[in-house]
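What you see is a predicted model, and the numbers here were worked out from it, not measured in a lab. When reading the values below, keep in mind they use all heavy atoms of this one structure, side chains included, and skip hydrogens, waters and symmetry mates.
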Amino acid sequence: MHTLRRVGICAATLTVVISPAATFEIIKAAAEGGTTVSLDSDLRSCDFSLMTTGAMVPRPALGTGSAVIHTAGSKAIAEVHLVDAPDPGTHFNVGLIQEPRPSSATCGPGDPGTAFTGMDTDAAGSATVTVQDTLRQGTTGVWVIIERPDPHSQNPAEFYTSEFLAPT
């Protein structure tokens, strides 16, 4: 019982120490003109529509994430944060996707209007990465996708996408 109480106290202390730092970074970025977007465990098509038939995933997504998206000149920039404590040291692919795009268009690495980078979580399961791309003519918004590749499937093993399109 005492061990369980100590674990609870340590977890509460860690939450109090980490939360203000993350909150202040989000507030600072928002004050600098960025749009803060929550990341949900929803799989989306390349045209940002919600997929109605989801891919089978080996386990539920237990991470939480957010992105601060802003423009600077002709570039869209997203600072992406993810906390996935159950899986420290995990590799994710992070993409910034420009809209509008036809539903038939693909939006993987190397496709027009997309930029991708890698992100690896640390020992605590946290990671931050910045991804940016030159805005195409006619772009009205951008969104972020985080995917953990599945070695046995073309579908991602874990995924998080923007809750809404961030205007550009």
Side-chain angles (χ1 to χ4, degrees), residues 18-51 55 57 61-85 87-150 154-168:
I18 291 174
S19 295
T23 302
F24 291 133
E25 286 300 315
I26 291 171
I27 291 170
K28 176 183 159 194
E32 293 173 353
T35 302
T36 302
V37 180
S38 293
L39 301 177
D40 296 329
S41 184
D42 293 327
L43 194 55
R44 296 189 178 275
S45 297
C46 293
D47 65 353
F48 195 68
S49 61
L50 196 57
M51 294 187 97
V57 292
L62 300 174
T64 60
S66 65
V68 178
I69 301 172
H70 68 279
T71 57
S74 63
K75 289 192 177 284
I77 304 165
E79 183 178 324
V80 182
H81 309 280
L82 177 70
V83 178
D84 195 13
D87 288 324
T90 303
H91 177 78
F92 290 89
N93 297 320
V94 180
L96 179 68
I97 301 169
Q98 299 180 39
E99 294 294 335
R101 62 189 320 113
S103 59
S104 59
T106 56
C107 57
D111 288 331
T114 68
F116 278 80
T117 190
M119 175 173 72
D120 297 308
T121 59
D122 62 17
S126 297
T128 299
V129 70
T130 301
V131 60
Q132 61 183 346
D133 196 14
T134 302
L135 290 169
R136 295 179 306 155
Q137 185 174 351
T139 297
T140 58
V142 296
W143 59 285
V144 171
I145 184 166
I146 300 175
E147 300 175 310
R148 180 170 59 93
D150 185 341
Q154 291 182 351
N155 294 324
E158 186 175 0
F159 47 84
Y160 304 93
T161 58
S162 295
E163 200 170 69
F164 60 90
L165 280 175
T168 55

Item to check | Under 3.5 Å donor-acceptor, T121 side chain and T90 backbone | outcome: yes
Checklist entry - Within a strict 4.5 Å, meaning less than it, do heavy atoms of the V37 and V144 side chains meet? => result no
Checklist outcome for this item: Value for CG (L135) from OG1 (T168), rounded to nearest 0.5 Å, stands at 5.5 Å
Checklist entry - What's the shortest heavy-atom distance between R101 and P112, and which atoms? => result NH2-O, 2.8 Å
Checklist entry - How long is the gap from OG on S66 to CG on D40, to the nearest 0.5 Å? => result 11.5 Å
Next on the checklist: Any heavy-atom pair between the side chains of E158 and D84 that's under 4.5 Å?
Outcome noted: yes
Item to check | Spatial distance of atom CD (Q132) from atom OG1 (T117) [nearest 0.5 Å] | outcome: 10.0 Å
Checklist entry - If you round to the nearest 0.5 Å, how far is NZ of K75 from NE2 of H70? => result 11.5 Å
Checklist entry - Considering only heavy atoms from C-beta outward, does the side chain of I97 approach that of I145 to under 4.5 Å? => result yes
Checklist outcome for this item: dist M51:CE -> C46:SG (nearest 0.5 Å) comes out at 8.5 Å
Checklist outcome for this item: Heavy-atom closest pair (T114 atom, D111 atom, distance to 0.1 Å) is OG1-O, 2.7 Å
Checklist entry - Is the backbone N or O of A166 less than 3.5 Å from a side-chain atom of T35, with the two atoms forming a donor-acceptor pair by type? => result no
Checklist entry - What is the minimum heavy-atom distance between D47 and S103, and which atoms define it? => result OD2-CB, 3.2 Å
Checklist entry - What are the two closest non-hydrogen atoms of E147 and F116, and how far apart are they? => result OE1-CE2, 4.5 Å
Next on the checklist: A side-chain contact here means heavy atoms from C-beta on lying under 4.5 Å apart; do R148 and P156 qualify?
Outcome noted: no
Checklist outcome for this item: Closest non-hydrogen atoms of A123 and P88, given as atom of the first, atom of the second and distance, are O-CB, 3.2 Å
Item to check | Derivation of the side chain to side chain contact (heavy atoms under 4.5 Å, CB included) call for S162 and L39 | outcome: CA-CA 5 Å; S162 295; L39 301 177; 3.9 Å; yes
Next on the checklist: I'd like to know whether F92 forms a side chain to side chain contact (heavy atoms under 4.5 Å, CB included) with V80, so could you lay out the CA-CA distance, the side-chain angles of the two residues, the decisive distance to 0.1 Å, and finally the verdict.
Outcome noted: CA-CA 11 Å; F92 290 89; V80 182; over 6 Å; no
Item to check | I69 to A78 - nearest heavy-atom pair and separation | outcome: CG1-CB, 3.9 Å
Next on the checklist: Pair T130, I77 - check side chain to side chain contact (heavy atoms under 4.5 Å, CB included), show working.
Outcome noted: CA-CA 7 Å; T130 301; I77 304 165; 3.6 Å; yes
Checklist entry - Hey, does the side chain of Y160 reach the backbone of G63 with a donor-acceptor pair shorter than 3.5 angstrom? => result yes
Checklist entry - Can you tell me how far CZ of F164 sits from CH2 of W143, rounded to the nearest 0.5 angstrom? => result 14.0 Å
Checklist entry - Donor-acceptor pair, Q98 side chain versus T134 backbone, under 3.5 Å? => result yes
